[in-house]
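In this text, all values refer to a predicted model and were calculated from it rather than measured experimentally. In what follows, chains are A, B, ... by sequence order, proteins preceding strands, each numbered from 1.
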Amino acid sequence: MAAIRPVTRSRNPAQRVGTVVFAYAVLIFGAVIIVTPFLLSFATALKTPEQFSNTSTLSLPSPVTWQNFAELFGPEHNFISPIAVTVQMTVVILVVQLSCSILAAHAFARISFPGRDVIFWAYLATMMIPAVTTIVPLYGMFTAAGLRNTFWALVLPTMFGSPYAIFLLREYFRSVPDDLEAAARIDGCGTLRVLWYVVIPYSRPIIATLTVITVVSHWNNFLWPRVITSGPDWAVLTVATAGLQSQYNGNWTLVMAATSIALMPLIVIYLIFQRQIVNSISIGGFK
Amino acid sequence: MTGSTSFSRRKALTLLGAGTGGALLAACSPNQQQAQNKGGGSTGSAKTTIGFRLWDDQVAKAYEKAFAEFTKQNPDITVKINLVPWQNYWDQLPVDVGGGTIDDLFWTNSLNFQQYADAGKISDVNTLLGGVDDAWQKSVVEQYTYKNKLWGVPQIADANGIFYNKSILSDSDPRLLSQVGKLQWRPGGGPGDTLLPALRKLTVDSNGKTAADPGFNPKKIKTYGYNAAYDLQAIYFPFIGSNGGRWQADGSNKFVFGSDPKTVEAFSYIVDLINKYHVAPSAADTNDNGDFSRDQFLQGHLAIFQSGTYNLANVADGAKFGWAIARNPAGPAGSYGVASGVIVAASAATKNADAVKKLLGWLGSADGNKFIGESGTALPAVTTAQSAWVDYWKGKDVDVQPFVDAAAGKTIQAPRGTGGSGSSDAYDPILKEIFLGRTPVKSGLAEAERKANAAIGK
Amino acid sequence: MSRRSRTLRRAAVGYGLLAPSLIGIGLFLIVPVLVAVAVSFESWNIISPPKWLGPENYLSVLTDPDVWHSFLVTAQYTLLVIPTQTLLGLGLAVLLSKRLPGTPVFRVIFALPWICAPLTLGVVWKWVFAPTGGLLNAIIGTRIEWLTSFALALPAVSFVSVWTQTGYVALFYLAGLSGVPSDIQDAARVDGAGEIGVFWRITMPLLRPTTFFVLATSIISSFQVFDTVYAMTGGGPGAPGRTDVIAHRIFSLAFEDLDLGKASALSVVLMVGLIVVTVLQQVYFRRRITYEVAG
């Protein structure tokens, strides 16, 4: 069911063109500012290390070389491993965390029970302390449990829910119209079915948004994986990329190539989900 | 419609659930699989495996060869290299030492060993090997001697020197080519100073005027003479040493760089090179970018690049012009470098004490240390193994003897500390302002010294 | 009796739904926070066992003028970044929701900054702002020392943050705009309201949950920023540094000075401050948010 086209008042066609031109001008101007650093980064990935140190950072790659990318997948760096580890970690965290967060947010948003607000604020408070401080106790816990440098160590801390996600979902779940829920309950739905058949479909845009955000933030997570893993076995993309640098050499051509590689899957994910976010079914009535 | 959406939803969910379940169960790391496929030989009977941690991937390759040789000679001991990148090394080390998961042997530098010695986490060389070897580079031994004990076996000695661009020098004045290794500097550019006049000749603006010519435009410099900058290892420590100044008090970690007049003179000289005589790039370029000077040199815009062995590979790979190496300019006290080396420390919690002792003894001998020299990656700290390094570079048409001489020559100790960077966080911003010319040298250094000492509790 | 059993049932349902997250967040987030609070009263350098100190860390941290300076810098940074990125993000979302041809391309482009890992972005921006051979100076034509200038360093760093986050904020507003019922907007237009009026009186208030969420989380994360800032300026220029943000102080205390007691104390202070700020926002917004549109 497509959105009902808004009733447009008759406007001066010149005015309309003017608005469109203005919109494009702004978008293009913004896009140029956004893209330029990425062009710089990608150009660097296409340079040989010799050219990078011999010429200005602004020079165009000449010759254009794919050796940095090839080197990343070669025996010395073996980037397939960090990619595989990162993919598995992200998938597991995404699916489990999203489910747990949805359950929790539903409880906070639509069910009133004693202690609800206290717990919610406790969740929120954990967002307000810099990760740096909580990492050391967490590291201690995992080492004591013998889980240091394992896959579980990568996923466990955030697998069962994220205060950020719960906060976000709660705000949106609260805006689900009460009558929708009431109607479902009259039909005999229990809480879980209400969640499944009413709240979640209603909140598809925000769940899609949250999916993208969760994938991106765990894909790019650096601090915890760096602390809890060591060595090449369980290194994720961010850790492996930082590991390309040595004490005296930034190895920027390699690092930029690695960053470009890390970026590709995220762009794909974004493309897939952004349609969900915007082209959603318009809310306006019962189904 | 409800039917179809819930069907596709269910299908998607099943797929997702299967995928996640699969990932959880498999949770495989391709690296692990490879290691397993190679056939686990280390889970043998009476074999001991020693862990060895370091940060340099190039030197690690040399160690691989070294350890292969060691295992040939000692078949029941294998050594496993744990390469932790420089970026993570110093965060990981205290956590692992404190948590008991540190490797048996690990590299460390002079800023990061005193605290482990104090906490009893590393063993000293007398206990391990019975004594200090004469062949070890004296400056490195001195650097790592604390409370009268040496806390590890020296592996690498860094040495200082200058790289110079032969064509720029000969274009300016061919006599410079023979003088460049014997340049002298004096505080304030006083009598006997040959460095400043040379640098002024070498610095050229976009109109072709040198810094000694009237009408020189410091805003449009095309070629710089020198890389005077806020660079501890390459620039200001050698200058302090060669003027007879001190950074820290003898025998303690207390900072004296503001109260020692010779140190203040050295800083004034460097800062003047940048802001008064314009023979070096502005601190706005170099303060936060450690690669700037090196890149300017490689691009052919810098005549004399004062640095050390650590940049040798970069220069050899990147320079497209004729270049050579010479000793640092000498001050009133002579030509100085920074005593800077890397030791391998032994964890006191090791379970393989005998094997560790054997390996350490071997690594401290010419036989063990020469592998590093042969790879050309760094100057070995065992002096009897250094010829291997010289030969490697001779094979590449580079005479590195000035570095070897510098390592055996006069040196000033690298900064000592207990691993905390609280002191450098205290003086760093002030010193950067001094180099930018926004804070006067004398009062700035005094203030920085006060704050740095307060940060370490002195 | 039946009201009690209804409450019990609701509690059972509520806690049942909450169970997985309670375990996970409780164990892996709340417990470390409690440990951090405990550590804040101790002196600990990770290597040796901790020693009890009492409130000494708090006293030392709260009387340190450099710490207050860091809070000030972080507050200035927040004031520069948050309003800008929120307004720009909102505007961008409005533009992107108009479904002009080519919009999907723009949407991906504006997402690039926040989906890219921050490590390399900091360095690339250093190349942009570099005084010699930097992109910006090459475009402008004159030499400006952006990152070492007292006046320009913080704005430059703030600009980079806005650059990074605007697309992210826009994402939320896009999701929010999708939830704004078009029939109400149409009704308003039929009644004669202009586009701006429709936007201001109908759309904006309905976007308040989004705005609340965006503001609350942006402020929390802006007080914890440090990666990109540090990569660009190292906290300088000047002593105390013009871009010396509080999160860097905490990181430096924890991992460079190995003084976890002080780092934890400072973190607790920060956390308390952020809780207060968030509660204030919550109070402001609660009174003004209509969560659902009746009918």
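With a 4.5 angstrom heavy-atom cutoff, A:A262 does not touch chain C via any of its atoms. Residue contact with chain C, scored on non-hydrogen atoms closer than 4.5 Å, involves the side chain of A:T36 exclusively. C:V279 touches chain A through backbone and side chain together, each having a heavy atom under 4.5 Å away. Of the two parts of A:M127, the backbone and the side chain both hold a non-hydrogen atom closer than 4.5 Å to a non-hydrogen atom of chain C. Only the side chain of A:Y270 comes within contact range of chain C, judged by heavy atoms closer than 4.5 Å. When heavy atoms are compared at a cutoff of 4.5 Å, C:A12 does not approach chain A at all. At a 4.5 Å heavy-atom cutoff, the contact between A:I119 and chain C is made by side-chain atoms alone. With a threshold of 4.5 angstrom between heavy atoms, A:L156 approaches chain C through its backbone and through its side chain. If you measure heavy-atom distances from C:F251 to chain A, the contacts under 4.5 Å come from both the backbone and the side chain. Residue A:F222: no heavy atom, backbone or side chain, is found under 4.5 Å from chain C. When heavy atoms are compared at a cutoff of 4.5 Å, A:I34 approaches chain C by way of both its backbone and its side chain.
Taking the ring centre of A:F120 as origin, the terminal cationic atom of A:R170 falls inside the region bounded by 6.0 Å and 45° from the ring axis.
With chain C as the partner, the residue from A:G30, A:S99, A:S56, A:A122 showing the most heavy-atom pairs under 4.5 Å is A:G30. Among A:V215, A:I213, A:L192, A:I111, the residue with the largest count of heavy-atom pairs under 4.5 Å with chain C is A:I213.
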Quick one: do A:S162 and A:Y123 satisfy side-chain hydrogen bond (donor to acceptor under 3.5 Å, both in side chains)? Show the steps, please. CA-CA 8 Å; A:S162 140; A:Y123 282 11; over 6 Å; no
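Rounded to the nearest 0.5 angstrom, A:R110 CZ and A:D178 CG are separated by 5.5 Å. With rounding to the nearest 0.5 Å, the separation of CG in A:L98 from CE in A:M159 is 13.5 Å.
At a cut-off of 3.5 Å, with distance as the only test, a side-chain donor of C:S267 or A:T133 sits close to an acceptor on the other residue.
Within the 3.5 Å criterion, the main-chain N or O of C:W114 finds no donor-acceptor partner in the side chain of C:T164.
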